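Some notes on the structure that comes next.
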Amino acid sequence: MSDTEQEYVLGTDDDELQRLGFQHQVWAEQTAQLWRRAGFAPGQRVLDLGCGPGYATADLAQLVGAEGAVFAVDVSRRFLSALERLIAARHLHNVQTFVQDAATLSLPATGLDGAFARWVLSFTPEPAAVLARVRDALAPGARLAIFDYANYEAITLAPPSAVFDRVIAATGASVRDSGGSFDVGRHLPSLLQANGFHVEHVEPIVRVARPGEALWSWPSTFFANFLPVLEARGFITAADAGEFRAVWAERSADPGAFLVTPTMVGVVGRRG
């Protein structure tokens with residue numbers, strides 16, 4: 001695996017490709033609602049920034065249709081290869097892929113009709129620089145839709161657990177240590193305004209999951225992949241990881257348990 005691929009804290013292997021596909025499924029409804037807020041429609045040319053393996057990209061390609069186009073940008077060649085296989089399987093011919101870093105975005109086309117970024121800016125050391133690049137790619141009046149964390153550590157497990165709280169705090173610390181922030185969503189309106197956007201819409205995105213539901217498996221799959229990363233980087237101990245797994249198994253068997261997802265926001269900005 002190249003150094004570029006290692007920039008993803010969970011890597012880009014087959015397990016992570018599968019996890020991201022599941023993640024897209026459980027958040028697809030909220031994502032589509034944000035696209036409607038942004039006015040994404042057939043015939044438009046839309047940027048999918050930090051597209052990963054492209055599950056949202058393929059949906060966007062179907063939305064904009066044969067007369068539209070999707071420009072899919074990601075720093076991972078492996079992810080883009082997975083996207084290219086996906087669009088081939090779905091017989092989609094309106095997607096172009098680009099191996100690029102979001103902070104140095106440079107597309108062959110400008111004057112785009114829209115842009116989308118989901119869980120991208122929280123991992124970006126300089127989100128303002130990314131927003132400036134996106135602004136330059138958009139036509140005046142075009143909209144940027146962002147789906148990201150506003151307060152990751154607000155995630156709540158009931159009945160509560162001290163080790164769960166420690167692991168959540170360690171997750172936030174690990175992202176900050178890498179230059180990102182799981183609180184970026186609370187700064188998005190001001191960042192958008194400072195970079196030539198008019199903020200048209202801000203909405204909270206919070207859900208409740210219970211054992212046995214699909215959404216309950218969202219954190220399950222994340223921590224199955226991420227606990228070893230936290231342990232290897234020294235943010236938790238092996239004992240913490242073992243205790244966390246035991247507590248999560250107990251809650252997963254408890255019909256009275258529930259989880260409130262991290263606070264996220266959906267934000268739509270219109271380029272001036």
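Atoms considered below: every heavy atom in the structure, side chains included; atoms not considered: hydrogens, waters and symmetry mates. Predicted, not measured: the structure shown is a model, and the values here were computed from it.
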Please answer: with hydrophobic residues joined when any side-chain heavy atoms are less than 4.5 Å apart, are [X] and [Y] in the same cluster?
X	Y	answer
V73	L17	no
F40	L107	no
F244	W218	yes
F98	L138	yes
V64	L47	no

To the nearest 0.5 Å, how far apart are [atom1] in [X] and [atom2] in [Y]?
X	Y	atom1	atom2	value
Q25	L20	CD	CG	12.0 Å
Q44	L60	CD	CG	10.0 Å
D240	E231	CG	CD	9.0 Å
Q193	H198	CD	NE2	9.5 Å
L144	E200	CG	CD	11.0 Å
F226	F235	CZ	CZ	8.0 Å

Can you name the residues that form a ring pair (Phe, Tyr, Trp, His ring centres under 6.0 Å) with Y55, not counting sequence neighbours?
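If we apply the ring pair (Phe, Tyr, Trp, His ring centres under 6.0 Å) test to Y55, skipping adjacent residues, there are no hits.
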For [X] against [Y], the heavy-atom pair lying closest together:
X	Y	value
A58	R90	CB-NH1, 3.4 Å
A56	F116	CB-CE2, 4.1 Å
A61	N94	O-ND2, 2.9 Å
E153	R176	OE2-NH1, 3.4 Å
R210	W216	O-CB, 3.3 Å
S220	W248	OG-NE1, 2.7 Å

Sidechain-backbone polar pair: [X] side chain, [Y] backbone, donor-acceptor under 3.5 Å:
X	Y	value
D74	P53	no
R186	A150	yes
R45	T110	yes
S178	G180	no
T104	Q100	no
D113	V46	no

Go through it in stages, so that I can follow the logic: the residues are L131 and I146, the test is side-chain contact (heavy atoms from CB on, under 4.5 Å), and I'd like the CA-CA distance, side-chain angles, deciding distance and then a yes or no.
CA-CA 10 Å; L131 293 176; I146 304 172; 4.1 Å; yes
Assign the ring pair Y149 / Y152 to parallel, tilted or perpendicular, where the plane angle (0 to 90°) is split at 30° and 60°.
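Answer is perpendicular, since the angle exceeds 60°.
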Is a donor from one side chain sitting under 3.5 angstrom from an acceptor on the other, for D177 and S174?
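No donor-acceptor contact under 3.5 Å links the two side chains.
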Under 3.5 Å, is there a donor on one side chain and an acceptor on the other for S161 and R251?
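Checked: S161/R251 side chains show no N/O donor-acceptor pair below 3.5 Å.
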Side chains of L92 and Q62 in contact at under 4.5 Å (non-hydrogen atoms):
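Touching, per the 4.5 Å side-chain cut-off.
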Minimum side-chain heavy-atom gap L49-V130 below 4.5 Å
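Yes, their side chains come closer than 4.5 Å.
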Yes or no on side-chain contact (heavy atoms from CB on, under 4.5 Å) for Q23 and T221, after CA distance, side-chain angles and deciding distance?
CA-CA 9 Å; Q23 175 174 264; T221 56; over 6 Å; no
Pair H24-D59, side-chain contact (heavy atoms from CB on, under 4.5 Å): steps then yes or no:
CA-CA 10 Å; H24 175 67; D59 288 352; 2.7 Å; yes
T171 and side-chain contact (heavy atoms from CB on, under 4.5 Å): which single residue from L230, I236, I155 fits?
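Of the listed residues L230, I236, I155, the side-chain contact (heavy atoms from CB on, under 4.5 Å) partner of T171 is L230.
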Please lay out, stage by stage, how S81 and T97 fare under the test side-chain contact (heavy atoms from CB on, under 4.5 Å).
CA-CA 9 Å; S81 295; T97 60; over 6 Å; no
Check whether the ring centres of W119 and F147 lie less than 6.0 Å apart, and answer yes or no.
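Yes.
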For residues 121-128, run the donor-acceptor check on the side chains, cut-off 3.5 Å, and write out each pair with its distance to 0.1 Å, sequence neighbours left out.
unit_1	atom_1	unit_2	atom_2	d
S122	OG	D148	OD1	2.8
T124	OG1	V120	O	3.0

For residues 254-269, which side-chain donor-acceptor pairs fall under 3.5 Å, sequence neighbours excluded?
unit_1	atom_1	unit_2	atom_2	d
D254	OD1	G256	N	2.8
T261	OG1	R207	N	2.9
T261	OG1	R207	O	3.3

